[in-house]
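Following: one structure in structure tokens, then a few remarks.
Below, read A as the first sequence line, B as the second, and so on, with proteins coming before strands; counting in each chain starts at 1.
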Amino acid sequence: MERWWHDAGIAAPRLIGCELVRTLRGRVRRGRIVETEAYLPDDPASHSFRGLTERNRAMFGPPATAYVYRIHQVLCFNVVTGPRGQGEAVLIRAVQPLEGEDLMARARAAATQGSRPPSGFGLTNGPGKLCQALSITPRHDGQALLDPDAAPGLRLEIRPAVAEIRTSPRIGISKGVELPLRFFEAGNPWVSPGRPSAP
DNA sequence: ATGTCGATTCCCT
DNA sequence: GGGAATCGACATA
């Protein structure tokens, strides 16, 4: 485990450019991470702020495992960081489809019955959207992400650091709003809408 | 036991 | 750009 895993504030930008690989029924979906948010220890915006609960248990597990939680009928996917027990994690907010885009579209359409089938950047440009596109489920909560033999078929592949990364305040929170803990790849159209890009 | 509040998304103006 | 949807987890008047 490399050093950068021990700090969500470092891991969050470092996870930009890494790839999330979902294997289901022998078929592969691959997404390149383009947007993340860090949630730190003693961070009032973090689910871990008030200590361990049933929901955030996975956040206190070992680094490079998944923390999956439900919010507003939707799932969000995090990569746990820091030494075990710190309650740190990095929220994955958007990915760029690299493989299996058709399967992602099908999964999104199935998850959003009632509305028009999602297409274009809307396929994976949000934390709930990418979970639908990759068929991430509550079963992935707590699962190791670097293990190539991971049973649930969800894996994280480390890639070289990306050069052009921008920061901004985090989205959708009411505490800790000023901290620049959101990271995204400059100019990438798959980054979620809703925030201006800082140079 | 019950009330509050979202680490969101979609649809509308 | 704003608001409704909608329900489970969490904290507690």
message = Just N and O in the side chain of K129(A): are any of them under 4.0 Å from OP1 or OP2 of dC10(B)?
response = yes

query = Got a donor-acceptor pair under 3.5 Å from the side chain of Y69(A) to the base of dA9(C)?
reply = no

query = Do E19(A) and R159(A) sit within salt-bridge range, that is, some charged N less than 4.0 Å from a carboxylate O?
reply = yes

ask   = At under 4.0 Å, does any side-chain N or O of S174(A) touch on OP1 or OP2 of dG6(B)?
value = yes

request  = Please work out if I173(A) contacts a base, only the sugar-phosphate, or nothing of the nucleic acid, heavy-atom cut-off 4.0 Å.
outcome  = sugar-phosphate

remark   = Against the side chain of T112(A), the closest entry in dA7(B), dC10(B), dT8(B) is dC10(B)

Carboxylate-amine/guanidinium contact R57(A) D141(A), below 4.0 Å = yes

ask   = Are R29(A) and E101(A) close enough for a salt bridge, meaning some N to O gap below 4.0 Å?
value = no

message = Tell me whether the side-chain N/O atoms of H47(A) come closer than 4.0 Å to OP1 or OP2 in dA7(B).
response = yes

task = Could you walk me through whether Y39(A) and H47(A) pass the ring-ring contact (aromatic ring centres under 6.0 Å, His included) test, one step at a time?
result = CA-CA 8 Å; Y39(A) 287 86; H47(A) 289 168; 7.4 Å; no

query = Looking at dA7(B), dA11(C), dC10(C), which one has an atom nearest to any side-chain atom of R50(A)?
reply = dA11(C)

key: Value in whole Å for how far the P atom of dA9(C) lies from CG of N56(A)   = 12 Å

message = I want to check one thing: is the phosphate of dC10(C), taken as OP1 and OP2, less than 4.0 Å away from some side-chain N or O of T53(A)?
response = yes

key: Nearest to side-chain heavy atoms of V74(A), which nucleotide of dC10(C), dT9(B), dA7(B)   = dT9(B)

request  = Check whether any side-chain nitrogen or oxygen of R70(A) sits under 4.0 Å from OP1 or OP2 of dC5(B), and answer yes or no.
outcome  = no

task = Specify the separation, in whole Å, of atom CD of E37(A) and atom C1' of dT8(B).
result = 12 Å

